[in-house]
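Below: one structure, written as structure tokens.
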Amino acid sequence: MKTLTNIELAQLLRKMAASYQMLGENRFKIIAYERAADSIEHLTSEAKDYWDDGKLGDIPSVGAGIAYYLDELFRSGHARHFDDVMKRIPEAVFPLLLIPGIGPKKAYRLVKEFGFGSSKTVVSELEAAARDGKIASMEGFGDKSEDVILSSIALYKKGAIKENRMELPLADTIAQDVMTYLMKLKEVEAIDVLGSLRRHVATIGDIDIAAATKKPELVIAHFVQYPHEKLIDEGPRGASILLHSGRQVDLRVSDPRSYGAMLQYFTGSKNHNIKLRSYALEQGLSLSEHGIKYMGKIQNSKLKGQNYNAKLKTYQFDTEESFYKAIGLPWIAPELREDKGEIDFALRGSLPNLVELSDIRGDLHIHTNYDLSSSHDLGADPLTVYLDRAMELGYAYIGISDHNPSVTKHSVSQIVDIMKRRKGYYEHQYSSWTQKVSKNKSTDRHPELFIMCEVDIQPDGALALPEKAFDYVDAVVVSIHSSFTQSKDVMTKRVITALIAHPKVRIFGHPTGRLLTKREGVEIDWNEIFTVCKDRNIALEINAHPQRLDLPDTIVYDARKEGIRFCINTDSHAVSQMDMMRYGVSVARRGWCQKDDIINSLEYTEFRKWLKRS
DNA sequence: GCCGTTTTCGGCCCGACTGTTTTCAGTCG
């Protein structure tokens, strides 16, 4: 039987939710399935592992009912109840759910009406029906809905499907461009990104931007002049455009007096907001993007002094801080707003003091253009260029972690020789560089250098660097670069073998090996890895490379609870990539890391002690 | 169907927008 991944389970549960919606089931049952899907999708370990331990019911939002069906699914590959429900739904409805503006009810009606049979052809068949004017005559539909379906399909074909996400740095770059453009207007009093982008999630759907202004019409008119492919929507509160890149940007404007409430509302996450509103409701407070309505009879003292909008019967908040304060909470950093208990921590006043980019003192995973005959990519720039940049960044140290020399092309003694020559070369380069900077600059402070190596973990767990070559490095990062699809048991043993192979193994590089939107991470028993890392005092890397962001934040969160420490590195293959450090810091923050959890926040002397185990 | 520092029953976050309608259903974030 094929093992079901969390993503596949989540998709299955969402299909169940959609099916129930089409069948007119109780709406709370639908919500329950959606919540279970969300919960499983955000799980840090596989649901299958919960099942192995007989603990499916421990998964939040999975109760006795769904646990029973999932159990059957894991045992036999089928859940009769799921099959029975979905048997009543034509398969052709499901692709339609990915088209903007089409939900379960509409999809179901359209498929029933026209008898679309195949999920492969349904989108083009629907397009043809709309072209022929066959939709406008359906009850509940009209000319306008027909147009909307046509333009939605066009969007869908351009890639604007509901699940098409982009990597964080790309979204960040696009958003910065648009915000720079918007800020040219002096009427824009404040501007921020919203949603998953503000929470620094690894992949982003739409780009949402908030602006505070007393002249909304002016700001919106300016926004829709930004170069775009298509104006999707324009109204009094904002507008949406589709860029030439196929990416959607939404602008929302708000009066400065209620900007804080709007910012809070649209930053999400959905689950954070749901939890927050439930909590507020217990105090008789109803939250919305406009502010807070008081439902109780006795005056609530926390709302005193807030601006009151009589028309909306709502108290307004210009900042998020004042909004949270009115519910009795301190401000919660956006990265924490994922319903992982942050509201309880906020209540107890024990939110983590999150690590900042400025806490980072060095970057330990950098590839130079020194050719040591590796089977992997070299970097693009020489050591001295990285050193210059490290100095500008104010780093106390950097580590050069080139890939090990190819083990298939060289003998052991050749590899040892290559590593020895490399060490000599770097030491010489570094020494002349330090002399140069001491002469030119007023300060004698400059980054220290660690000569390291990124060593392949071979399929059997052996390190791709012979014992004698370790004499020529300060420490190594070990990483998986091949055989990603080994079974969980084999992979776990493989990595543990590598981690304990040599005392100079200090960092486990991009541990899951995932490539965002391209390749899933490896299957591995994280608890066993955590145990070994803790015993051997090895750091897990948080790789800041835009395509990796690896470890994923959810696993960082779990590892941190076990007392594991992390090293945030850029894995730079060119000097410009050293600036990606901030994305790694975002991952750490989403994993609730404080400065102490990050090994490369240590100053040089302390870090050196850690790295060299002395 | 899930869930519980007052509850094992009776609740379940909130509002905007749209289109097709005279009060609402569907979709979205």
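Every chain is numbered from 1, with letters handed out A, B, ... down the list of sequences.
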Side chain of [X], heavy atoms from C-beta onward: which of [options] has the nearest atom to it?
X	options	value
A:N26	B:dT20, B:dC17, B:dG1	B:dG1
A:E289	B:dG1, B:dA16, B:dC14	B:dA16
A:V148	B:dG1, B:dG29, B:dG19	B:dG19
A:K29	B:dG1, B:dG29, B:dG15	B:dG1
A:S145	B:dG19, B:dA16, B:dG29	B:dG19
A:S288	B:dC14, B:dG1, B:dA16	B:dC14
A:D208	B:dC14, B:dG29, B:dG26	B:dG29
A:Y265	B:dG1, B:dG29, B:dT27	B:dG29

Expressed in whole Å, how much space separates the [atom1] atoms belonging to [N] and [M]?
N	M	atom1	answer
B:dC17	B:dG11	P	31 Å
B:dT27	B:dT21	P	16 Å
B:dG26	B:dT20	C1'	12 Å
B:dC9	B:dC14	C1'	25 Å
B:dG1	B:dT8	C1'	14 Å
B:dT6	B:dG10	C1'	15 Å

Does A:K55 make a cation-pi contact with A:Y50, if we ask for NZ or CZ under 6.0 Å from the ring centre and within 45° of the axis?
->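 A:K55 over A:Y50 ring: no.
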
**Q.** Cation-pi geometry met for A:K15 and A:F94 (6.0 Å, 45°)
**A.**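 Yes, cation above the ring, under 6.0 Å and within 45°.
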
Tell me which nucleotide, if any, is Watson-Crick or G-U wobble paired with B:dT8 when both distances must be under 3.5 Å.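 The answer is none; no pair meets the criterion.
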
Worksheet item: How would you list all residue pairs meeting ring pair (Phe, Tyr, Trp, His ring centres under 6.0 Å) that involve residues 249-283 of chain A, not counting sequence neighbours?
Response: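 Passing the test, one end in residues 249-283 of chain A: no pairs.
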
Give the rounded distance in Å between these two atoms: [atom1] of [X] and [atom2] of [N].
X	N	atom1	atom2	answer
A:Y68	B:dG1	OH	P	12 Å
A:H290	B:dG15	NE2	C1'	6 Å
A:I149	B:dT18	CD1	P	16 Å
A:I274	B:dG29	CD1	P	15 Å
A:I209	B:dG29	CD1	C1'	16 Å
A:I232	B:dT27	CD1	P	19 Å
A:N271	B:dG29	CG	P	15 Å
A:R109	B:dG26	CZ	C1'	11 Å

Subject >> Toward the 5' end of DNA chain B, by each residue's nearest nucleotide, A:K293 or A:A107 >> reply: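 Checking each residue's closest nucleotide, the 5'-ward one belongs to A:K293.
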
Before giving the answer on salt bridge (Lys or Arg N to Asp or Glu O under 4.0 Å), spell out for A:E187 and A:K215 the whole-Å C-alpha distance, their side-chain angles and the decisive distance to 0.1 Å. CA-CA 7 Å; A:E187 284 81 5; A:K215 302 265 188 197; over 6 Å; no

Using OP1 and OP2 only, check whether a side-chain N or O of A:K144 sits under 4.0 Å from B:dG19.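 For B:dG19, OP1 or OP2 has a side-chain N or O of A:K144 closer than 4.0 Å.
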
Check every strand shown and say whether [X] touches a base, only sugar-phosphate, or nothing at a heavy-atom separation below 4.0 Å.
X	result
A:D233	sugar-phosphate
A:I30	nothing
A:R237	sugar-phosphate
A:Y69	sugar-phosphate
A:L276	nothing

Shorter than 3.5 Å, N or O on both sides, protein versus nucleotides 21-25 of chain B: list them out with atom names.
none

* **Partner residues of A:K275 under the side-chain hydrogen bond (donor to acceptor under 3.5 Å, both in side chains) criterion, sequence neighbours left out** =>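 Per chain and number, A:K275 pairs via side-chain hydrogen bond (donor to acceptor under 3.5 Å, both in side chains) with A:D339.
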
field: By side-chain hydrogen bond (donor to acceptor under 3.5 Å, both in side chains) - contacts of A:S61 (at least two apart)
entry: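 Testing A:S61 for side-chain hydrogen bond (donor to acceptor under 3.5 Å, both in side chains), a comparison that skips the adjacent residues, returns none.
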
With sequence neighbours left out, which residue pairs that include part of residues 133-146 of chain A fulfil the salt bridge (Lys or Arg N to Asp or Glu O under 4.0 Å) condition?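 Output for this query lists A:D132-A:K134.
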
**OP:** Taking the six-membered ring for Trp and the single ring otherwise, decide whether the centroids of A:Y181 and A:H222 are under 6.0 Å apart.
**Re:**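 Yes: the rings meet the under 6.0 Å criterion.
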
Worksheet entry | Ionic contact status for A:R199 with A:E338, cut-off 4.0 Å |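 Salt bridge flag = yes for A:R199 with A:E338.
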
So, are A:D553 and A:R560 salt-bridged, with charged N and O less than 4.0 Å apart?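 Salt bridge between A:D553 and A:R560, a charged N being under 4.0 Å from a carboxylate O: no.
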
Item to check | Euclidean distance, A:F141 CZ relative to A:I149 CD1, rounded to 0.5 Å | outcome: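 If we round to the nearest 0.5 Å, A:I149:CD1 and A:F141:CZ are 5.5 Å apart.
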
Margin query: Working note: A:D250 + A:S240, criterion side-chain hydrogen bond (donor to acceptor under 3.5 Å, both in side chains); need CA distance, chi angles, decisive distance, verdict.
Written below: CA-CA 4 Å; A:D250 299 342; A:S240 300; 2.8 Å; yes

Listed pairs, N/O of protein and of nucleotides 2-4 of chain B, under 3.5 Å:
| from | atom 1 | to | atom 2 | distance (Å) |
| --- | --- | --- | --- | --- |
| B:dC2 | OP1 | A:G63 | N | 2.6 |
| B:dC2 | OP1 | A:G63 | O | 3.3 |
| B:dC2 | OP1 | A:I66 | N | 3.1 |
| B:dC2 | OP2 | A:G65 | N | 3.1 |
| B:dC3 | OP1 | A:S61 | N | 2.6 |

